[in-house]
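Letters A, B, ... mirror the listed sequences (proteins, then strands); counts begin at 1.
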Protein chains: 2
Amino acid sequence: MGSIPITLSSEKKKKPNQDQLEFGRTFTDHMFVMDYSNEKGWYNPRIMPYQSITLDPAAIVFHYGQTVFEGLKAYLTQDEKVHLFRPEKNMERLNRSNDRLCIPNIDEEFAIEAIKKLVHLEKDWIPSAPGTSLYIRPFVISTEAYIGVAPSKTYQFIVILSPVGAYYKEGINPVKIAVESKYVRAVPGGTGEAKTGGNYAASLKAQELVAGSGYAQVLWLDGVERKYVEEVGSMNVFFKINGEIVTPSLNGSILEGVTRNSVIKLLKHWGYTVNERKIAFEEIYNAHKDGQLEEAFGAGTAAVISPIGEFSWNEHKLVINNGETGEVSKKLYDTLTGIQYGTEQDPFDWIVEIND
Amino acid sequence: MGSIPITLSSEKKKKPNQDQLEFGRTFTDHMFVMDYSNEKGWYNPRIMPYQSITLDPAAIVFHYGQTVFEGLKAYLTQDEKVHLFRPEKNMERLNRSNDRLCIPNIDEEFAIEAIKKLVHLEKDWIPSAPGTSLYIRPFVISTEAYIGVAPSKTYQFIVILSPVGAYYKEGINPVKIAVESKYVRAVPGGTGEAKTGGNYAASLKAQELVAGSGYAQVLWLDGVERKYVEEVGSMNVFFKINGEIVTPSLNGSILEGVTRNSVIKLLKHWGYTVNERKIAFEEIYNAHKDGQLEEAFGAGTAAVISPIGEFSWNEHKLVINNGETGEVSKKLYDTLTGIQYGTEQDPFDWIVEIND
């Protein structure tokens, strides 16, 4: 698998109990690191013991947020194979994010090889209980010690791994979503379609404000007219209206989700009409009033499919499908997770297997 | 000056030659650090040798850009006094930025005491050549090792110092500015009025694209209509039209500059009419065409006043005041720097002196 030297950790951490896994708090024994300088390009790829990062306090990442990341998962099948789901899509997006943030591109195939090699080394960390997985977090940080506002001349590309529990502990379950009217996540011409820290920093406040009132996440409206649906929390969003599926078109401020793309492909494969277009939230409100809003769901790597049981929008409450999981949401969830865990056919060759 | 313990550096760095100072590359021997946890609040303030920061690779700052910063300067007067310029304004803004980014507030008076104590310890680092100063960079980073999208439970507040050269090596000098039509810096409801990394990350691409064509910075238009003037690079912007001064009003997406505020106060003190309002760039274009655009300038901590000699806007080029520094720009520059270096009266009590 190429020339990535491995330095093994002398101590192995105790693995957490599989039914107590929390998202993003526990990390495995090793990490992948690669450096960049203007002179050498990307160099010195290596797998090494998971360890702290040491940076000058003037490192650009601490001041100007020049950073990008990705998120994907490794799944353990019942016959102990290790699956990745469309990792090439994540690496394509990583480079689109890099372009927007003035970070040098990374060889996508090499990055996937590095991820495979790291996951393979940490295979014992992939939990086997239903719905669990090993979350993979590739990210780039700007490391130059320079507080002028300019792209960094040095970077690190790092991959860390975190075993994660089932998103739905007691079966797929709808969430309540608040439509956000004050805060804006992104705007065309900004960084909304890049997976970069600033978008997530900008989202914290709205999320914090709704969390206390029983809402799981916010639905973001566009930053220009404050009318059109963008995304839900950190997921893309879909609606089933009168038998037809609609989702916001990619407009430069929406993140192009890998799950979004997979949902559209599956739905079309099943014969559904899928329209990617501008959707005013008022249209959703009217469809609900007319009894035509049959389902709504988020799509993202963490939850795969997250059915939406209720929207709050100003003084209105829209209960969808009696607050229960809809048929299409359920079928998408079962099919996607089935493909990921190897219990369903993979008609689009989405699975990349990590071989011994 | 309160209970901030000092651990002195055992080695002193060689100070750079005063005529070779570059912005933001050289840092002094010591730094101020204070920690935060949900249990303890802000605790353990200390001055220690300038040293690397060691963080878990899962630290939130590396992934979600939850970070804020400030920038101000210490000036050495001819009689060896040390001046800060309105530091309370920076600390007020730091807390406004903290609010937007879900970072706990910092005691503003205590932060100023910490800055005073650190600058006093590093007094020998303040350069004395005309126009030079000691740049002060307070910043907050989110340090919790957790890759869920949520505010960090731990932070560090750090202050580092960097001796900086004169912004204008050969006297105040106009710059060329390109009006940016593709990329957007910020939008109301976003983070534009907070001093947070993501805004600067978002600005890199546009800056990189114009830098090759002889433009010093870009002028940002509003993200909604792409018509109205927001700011220039990392400065606020002012225009003198037919004897009257106009500057964009604070609309939630513009940074509230300390220099901006000081410029407005000085101009009103001198009897000028200053209008803070929405300004379409087309209005600037028309004023120029009619011969009424007398001056344009940026205002910010780095340059103090940066006269604008030319705008490019689509296919148009607007040369202002024959590309020379205007009278008001020059008077503001001379007065503000005079107050900062103690050669001019300080009618508004802006200077905070650091006493032995």
Max heavy-atom pairs within cutoff under 4.5 Å with chain A, candidates B/Gly198, B/Ala202, B/Gly197, goes to B/Gly197

Judged by atom type as modelled, is there a donor-acceptor pair below 3.5 Å linking the side chain of A/Lys205 to the main-chain atoms of B/Gly190? no

Roughly how far, to the nearest 0.5 Å, is the SG atom of A/Cys102 from the CD atom of B/Glu208? 4.0 Å

What part of A/Tyr146 lies closer than 4.5 angstrom to a heavy atom of chain B: side chain, backbone, both or neither? both

Could you report the tightest heavy-atom contact between A/Leu55 and B/Phe62, atom names first, then the distance? CD1-CE2, 3.7 Å

Aromatic ring pairing B/Tyr64/A/Tyr200, orientation class (parallel under 30°, perpendicular over 60°, tilted between): tilted

Between B/Val149 and A/Ser203, what is the shortest heavy-atom contact and its length? CG1-OG, 4.2 Å

Heavy-atom side-chain proximity of A/Thr191 to B/Tyr183 below 4.5 angstrom: no

Relative to chain B, which segment of A/Ser234 carries a heavy atom at a distance below 4.5 Å: side chain, backbone, both, or neither? neither

With a sphere of 6.0 Å drawn around NZ of B/Lys182, does it hold more than 12 non-hydrogen atoms of other residues, nucleotides or ligands? no

Measure B/Ile53 against the heavy atoms of chain A and call it side chain, backbone, both or neither at under 4.5 Å. both

A/Val224 and B/Gly223 have their tightest heavy-atom pair at CG2-O, 3.7 Å

Taking side chain as everything from C-beta outward and backbone as N, CA, C, O, which of these in B/Arg185 sits under 4.5 Å from a heavy atom of chain A? Side chain, backbone, both or neither. neither

For B/Ala201 against A/Gly65, the heavy-atom pair lying closest together: CB-O, 3.3 Å

Counting only heavy atoms closer than 4.5 Å, note whether A/Arg100 contacts chain B via side chain, backbone, both or neither. both

Which label fits B/His63 and A/Phe139: parallel for a plane angle under 30°, tilted from 30 to 60°, or perpendicular past 60°? tilted

Enter the distance from B/Asp56:CG to A/Gln51:CD here, rounded to the nearest 0.5 Å. 10.5 Å

Gap separating the CD atom of A/Gln66 from the CG atom of B/Leu204, nearest 0.5 angstrom: 5.5 Å

Return the minimal non-hydrogen interatomic distance between B/Val184 and A/Val187, and the atom names on each side. CG1-CG1, 3.7 Å

Of the non-hydrogen atoms in A/Ser52 and B/Thr54, which two are nearest, and what is the gap between them? CB-CG2, 3.3 Å

I want to check something: taking the side chain as every heavy atom from C-beta on, are B/Ile147 and A/Phe27 in contact at a cut-off of under 4.5 Å? yes

Indicate yes or no: at least one non-hydrogen side-chain atom of A/Arg226 is less than 4.5 angstrom from one of B/Pro188. yes

Could you tell me which portion of A/Leu101 (side chain, backbone, both or neither) has an atom closer than 4.5 angstrom to a non-hydrogen atom of chain B? both

Of the backbone (N, CA, C, O) and the side chain (C-beta and beyond), which part of B/Ala186 lies under 4.5 Å from a heavy atom of chain A, both, or neither? neither

Below 4.5 Å, heavy-atom pairs only: which of B/Thr26, B/Asp99, B/Ile60 has the largest tally toward chain A? B/Asp99

Whatever's closer than 4.5 Å to a heavy atom in chain B on A/Ala211 counts as neither

